A.B. asks: 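A single structure is presented below for examination.
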Amino acid sequence: MTDAPQLILASASPRRLALLQQIGLDPDHLMPADIDEAPRKHETPRSLALRLARTKAETVRQSADALQETQGGLVLAADTVVAVGRRALPKAELTEQALMCLSMLSGRGHRVFTGVAVAEANGKVRSKLVETRIRFKRLSRKDVDDYIASGEWRGKAGGYAIQGLAGSFVVKLVGSYPSVVGLPLVETVNLLTAAGYPVHQGWATAAA
């Protein structure tokens, strides 16, 4: 099917790319969105994740429209926020941030909100928010020290990556595992389908 719109992923995340490829979708372009991700005053983690996903999609939509090779494409964007209560945890860049996150997550439940948005060429933006509940085991000092030493937490929402070493901390998960990794697949497919993208077009050859 050659008349399918181009798919533009508004992310530099290798995890989001891998999740898309898992379901047979290879974006035509990677155009990471450069936006301010700071929460607004009194903004809930739920609202933050959805706003950032929509803002990323709208920002990259404008960039795509300015380039001939990406005009008319569909822009897919997502953002993940880890929350304890009403507090959004940072995307940990410093050891102190990762330590703070792990101490807050140890032995208790938290929520992971991922907003996903699709911006069409006509300016319409479709979006969805997915909530997943997770409980960590109580982390020992060695758990924390060894995880910090791994460096895996760097740049990750809430200071951990569930698809990596921190998967061994998860006692319980209720919701969407791929959403916690960075992209809720059911909702992504639904949004792309609603926007007219032929999600299944490569499936016949994918198995071969």
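In this text, all values refer to a predicted model and were calculated from it rather than measured experimentally.
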A.B. asks: Please check this pair: side chain of Thr55 against backbone of Leu52, looking for a donor-acceptor N/O pair closer than 3.5 Å.
C.D. replies: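 Absent.
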A.B. asks: Please determine if Glu131 and Arg133 form a salt bridge, counting it only when a charged side-chain N lies under 4.0 Å from a carboxylate O.
C.D. replies: yes
A.B. asks: Return the CZ to OH distance between Phe169 and Tyr147, rounded to the nearest 0.5 Å.
C.D. replies: 6.5 Å
A.B. asks: Decide whether Val189 and Ile8 are clustered together by the hydrophobic rule: side chain heavy atoms of Ile, Leu, Val, Met, Phe, Trp, Tyr closer than 4.5 Å, transitively.
C.D. replies: no
A.B. asks: When hydrophobic residues are tied together by side-chain contacts of less than 4.5 Å, even through go-betweens, does Met104 share a cluster with Leu94?
C.D. replies: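 The answer is no; the residues belong to distinct hydrophobic clusters.
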A.B. asks: Is there a side-chain contact between Leu102 and Ile148 in this structure, where contact means two heavy atoms from C-beta onward sitting under 4.5 Å apart?
C.D. replies: yes
A.B. asks: Show your working on side-chain contact (heavy atoms from CB on, under 4.5 Å) between Thr80 and Val180 and close with a plain yes or no.
C.D. replies: CA-CA 7 Å; Thr80 301; Val180 180; over 6 Å; no
A.B. asks: Begin from the C-alpha positions of Leu173 and Ile162 and carry the test side-chain contact (heavy atoms from CB on, under 4.5 Å) through to its verdict.
C.D. replies: CA-CA 11 Å; Leu173 184 150; Ile162 195 171; 3.6 Å; yes
A.B. asks: Calculate, to the nearest 0.5 Å, the distance between atoms CG and CZ belonging to Leu48 and Arg40 respectively.
C.D. replies: 9.5 Å
A.B. asks: Given 3.5 Å as the limit, does a donor-acceptor pair link the side chain of Asp28 with the main chain of Leu7, or not?
C.D. replies: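 Yes: the side chain of Asp28 pairs with the backbone of Leu7.
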A.B. asks: Minimum heavy-atom separation for Gly72 and Ala121, please, with both atom names.
C.D. replies: CA-CB, 3.7 Å
A.B. asks: Is there a donor-acceptor pair closer than 3.5 Å between any side-chain N or O of Arg61 and the backbone N or O of Ala119?
C.D. replies: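 Looks like yes, one N/O pair under 3.5 Å.
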A.B. asks: Could you go step by step and tell me if Asp146 and Leu165 meet the side-chain contact (heavy atoms from CB on, under 4.5 Å) rule?
C.D. replies: CA-CA 10 Å; Asp146 290 351; Leu165 304 170; over 6 Å; no
A.B. asks: For the pair Thr44 and Phe113, evaluate side-chain contact (heavy atoms from CB on, under 4.5 Å) and give the outcome as yes or no after the intermediate values.
C.D. replies: CA-CA 11 Å; Thr44 64; Phe113 297 99; over 6 Å; no
A.B. asks: In the single-linkage hydrophobic clustering (I, L, V, M, F, W, Y; side-chain heavy atoms under 4.5 Å), do Val112 and Leu19 co-cluster?
C.D. replies: yes
A.B. asks: Same cluster for Val130 and Leu20 if Ile/Leu/Val/Met/Phe/Trp/Tyr side chains link at under 4.5 Å?
C.D. replies: no
A.B. asks: Test Ile134 against every option in Arg111, Arg108, His110 by the side-chain contact (heavy atoms from CB on, under 4.5 Å) rule and name the one that passes.
C.D. replies: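 The residue from Arg111, Arg108, His110 that satisfies side-chain contact (heavy atoms from CB on, under 4.5 Å) with Ile134 turns out to be His110.
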A.B. asks: Where is the tightest heavy-atom contact between Glu69 and His29, given as atom of each residue plus distance?
C.D. replies: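 What the structure gives for the nearest pair is O-NE2, 3.7 Å.
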A.B. asks: For the side chain of Arg126 and the backbone of Ala194, is there at least one donor-acceptor N/O pair under 3.5 Å apart?
C.D. replies: yes
A.B. asks: Testing the basics here: between Gly175 and Thr132, what is the closest heavy-atom pair and its distance to 0.1 Å?
C.D. replies: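 Shortest heavy-atom contact: CA-CG2, 3.9 Å.
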A.B. asks: Is it the case that one hydrophobic cluster holds both Val60 and Leu191, taking links as side-chain heavy atoms less than 4.5 Å apart, direct or via other members?
C.D. replies: no
A.B. asks: Starting at NZ of Lys156, measure out to SG of Cys101 and round the result to the nearest 0.5 Å.
C.D. replies: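 Answer for the NZ-SG pair, Lys156 versus Cys101, is 12.5 Å.
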A.B. asks: Working to the nearest 0.5 Å, report the span between OG of Ser176 and CG of Leu185.
C.D. replies: 6.5 Å
A.B. asks: Got a sec: does the CG of Asp34 have more than 12 other heavy atoms crowding it under 6.0 Å?
C.D. replies: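 Check fails, neighbour count at 12 or below.
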A.B. asks: Give me the one residue out of Arg46, Arg16, Arg54, Lys91 that meets salt bridge (charged side-chain N to carboxylate O under 4.0 Å, His left out) with Asp79.
C.D. replies: Lys91
A.B. asks: Looking at Pro90, is its backbone amide N or carbonyl O close enough to the side chain of Gln97 to form a donor-acceptor pair, meaning the two atoms are under 3.5 Å apart?
C.D. replies: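 Looks like no, no N/O pair under 3.5 Å.
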A.B. asks: Could you check whether any side-chain heavy atom of Leu17 comes within less than 4.5 Å of a side-chain heavy atom of Ser11, counting everything from C-beta outward?
C.D. replies: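 Not touching, per the 4.5 Å side-chain cut-off.
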A.B. asks: Can a donor-acceptor pair be found, under 3.5 Å and without considering hydrogens, that links the side chain of Ser127 to the backbone of Ala117?
C.D. replies: no
A.B. asks: What closest approach, in Å, do Pro184 and Thr114 show between heavy atoms, and which atom pair accounts for it?
C.D. replies: CD-CG2, 3.5 Å
A.B. asks: Please determine whether a side-chain nitrogen of the Lys or Arg among Arg51 and Glu58 lies less than 4.0 Å from a carboxylate oxygen of the Asp or Glu.
C.D. replies: no
A.B. asks: Please report the closest heavy-atom contact between Trp153 and Gly159, naming both atoms and the distance.
C.D. replies: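 Scanning both residues, the minimum pair turns out to be CB-O, 3.0 Å.
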A.B. asks: Answer yes or no: is there a side-chain heavy-atom contact under 4.5 Å between Leu25 and Leu76?
C.D. replies: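 Sidechains of Leu76 and Leu25: no contact.
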A.B. asks: Between Leu67 and Met31, what is the shortest heavy-atom contact and its length?
C.D. replies: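 It is CD1-CE, 4.2 Å.
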A.B. asks: Would you check if the side chain of Ser106 reaches a backbone N or O of Ser103 as a donor-acceptor pair within less than 3.5 Å?
C.D. replies: no
A.B. asks: Is a donor on one side and an acceptor on the other found under 3.5 Å between the side chain of Lys56 and the backbone of Ile35?
C.D. replies: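 Answer holds: no.
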A.B. asks: Treating Arg135 as the side-chain partner and Lys172 as the backbone partner, does any N or O pair qualify as donor plus acceptor under 3.5 Å?
C.D. replies: no
A.B. asks: Compute whether any side-chain donor of one residue and acceptor of the other, for Ser140 and Asp143, lie under 3.5 angstrom apart.
C.D. replies: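 Yes, a side-chain donor-acceptor pair sits under 3.5 Å.
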